[in-house]
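Please read the structure below before turning to the comments.
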2 protein chains.
Amino acid sequence: MTDKSPAAGKPIRTAITSEDGIDFAIIELFFFAYRDFTSDPDQILADYGFGRAHHRVLHFVNRRPGLTVAELLDVLKITKQSLARVLKQLIDTDHVVQLQGPRDRRQRELYPTAKGRALALALARPQSRRIHAALEDSGAAERTLVERFLEAMVNPELRAQIDVGSAKMSGKSHGEH
Amino acid sequence: MTDKSPAAGKPIRTAITSEDGIDFAIIELFFFAYRDFTSDPDQILADYGFGRAHHRVLHFVNRRPGLTVAELLDVLKITKQSLARVLKQLIDTDHVVQLQGPRDRRQRELYPTAKGRALALALARPQSRRIHAALEDSGAAERTLVERFLEAMVNPELRAQIDVGSAKMSGKSHGEH
DNA sequence: GAAATTACGTCAATAGTACTGACATAATCT
DNA sequence: AGATTATGTCAGTACTATTGACGTAATTTC
């Protein structure tokens, strides 16, 4: 079983390095960082029988109350079939409510309830604590730099969707590009 | 359907803000950044019928050639059952080979083949390009700062496992802690 | 040397998140 | 009136992950 089959390639014994200018350090750090970053809320979600998808929906419904299903799909970049189950559960458990769109009655505007707001905050709290700890002995300049870096990592077409909040938020509600 | 059931909570119409000192900006940016970061290799992997799990295994086998199955499980924090299918496929497709451990013949040391090395590089290339683009007009100081931030986001117990590579790599092969 | 432990592999069942494709309904637009 | 849009839903599939159980070979312990 350990033996290589006749045509198998020979083992390479040297570690891949920063040859070709590949940034393995940050690639790897990003993986570890994101995994641990998401592990905090995952634990809380498990108590509710929810998963990471519920977190994402809850997050954006709280960040942009009144967004429509289509807008949510666009932000999350998933299909409506994927959203359906998750959103239904959040509605059934009274974390999110749907209201008929005022202009267009086909639309469903999504709003958090007090319960949904509380859960969103509870999920964000450990993540925020982790961020603060990571920036512990950093000043505002470093914070901004990290924000800039992360924003620059996002596909340019999508940056418009992002409210940095602290900086922007210049009187736009959400969908008025 | 749009109507709330009798006991449903009332909609909250105000966006969640940085109240309670929650760092929503970075939380959200981290989500978008990581999603786009992983989307690059995902496209390549699809051509091989592989998924993200294959990428992770391939990455660490290339970064630490000769690591054992147990070490790989420890780094990835998954179960051996989860690893089994993915690793088997990588071995069957001649991207990874197993060698019997020299000291302990129960162990399987994992090595990339030339094919596996090439794929690992191909997957890392667009990610590295994205990182470079994000750090475009940044100096070495900013790069270090981003690295420090990401490292600080990782659970402290796990930081030992991380080779920053550019910095460390002080003559240790991999498993000689 | 026998017993316990370790490293690995594998079978079976389940869960969560995603996908494509198809079809239905109501509302709005042309 | 007919086309398009926004949403919902059904069915089938894929990938990644889980827990639990069992098997085998190699090493360690007594």
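Chain A is the first sequence line, chain B the second, and so forth, proteins listed ahead of strands; every chain is numbered from 1.
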For [X] and [N], what is the distance between atoms [atom1] and [atom2] respectively, to the nearest whole Å?
X      : N      : atom1 : atom2 : answer
B:R108 : C:dG9  : CZ    : C1'   : 9 Å
A:I78  : D:dC15 : CD1   : P     : 19 Å
A:L83  : D:dA6  : CG    : C1'   : 13 Å
A:K77  : C:dT17 : NZ    : C1'   : 18 Å
B:L72  : C:dC8  : CG    : P     : 10 Å
B:R56  : D:dA17 : CZ    : P     : 5 Å

Which sits closer to the 5' end of DNA chain C, A:R106 or A:F50, going by the nucleotide each is nearest to?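 Checking each residue's closest nucleotide, the 5'-ward one belongs to A:F50.
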If you pin A:R85 and A:R103 to their nearest nucleotides in DNA chain C, which one's is more 5'?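 So the residue in question is A:R85.
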Need to verify one output field. Residue with the more 5' nearest nucleotide on DNA chain D, B:P102 or B:K80?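 Counting from the 5' end, the first nearest nucleotide belongs to B:K80.
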When you measure from the side-chain N and O atoms of [X] to the phosphate of [N], is any distance below 4.0 Å, counting only OP1 and OP2?
X      : N      : result
A:R105 : C:dT28 : yes
A:Q100 : D:dT7  : no
B:S82  : D:dT16 : no
B:T79  : D:dT18 : yes

Give B:H54 one of three labels, base, sugar-phosphate or nothing, depending on what nucleic acid heavy atoms sit under 4.0 Å from its own.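 Since only primed, P, OP1 and OP2 atoms lie under 4.0 Å of B:H54, the category is sugar-phosphate.
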For A:R52, which contact category applies under a 4.0 Å heavy-atom criterion: base, sugar-phosphate, or nothing?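 Contact class for A:R52: sugar-phosphate only.
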Base of C:dG9, side chain of B:K88 - is there a donor-acceptor contact under 3.5 Å?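 In this structure, the two groups form no donor-acceptor pair.
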Would you kindly check whether a donor in the side chain of B:Q81 faces an acceptor in the base of D:dG20, or vice versa, at under 3.5 angstrom?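 Side chain to base: pair found, below 3.5 Å.
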Using a strict threshold of under 4.0 Å (side-chain N to carboxylate O), is an ion pair present between A:D23 and B:R129?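 No salt bridge links B:R129 with A:D23.
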Indicate yes or no: does B:R159 engage B:E151 in a salt bridge with an N to O separation below 4.0 Å.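 Result for this pair is no, no salt bridge flagged.
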Applying a 3.5 angstrom cut-off to the pairing atoms, does DNA chain C sit in any stems of at least three consecutive Watson-Crick or G-U pairs? List them by first number.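 DNA chain C stems, ordered by first number: C:1-30 with D:1-30.
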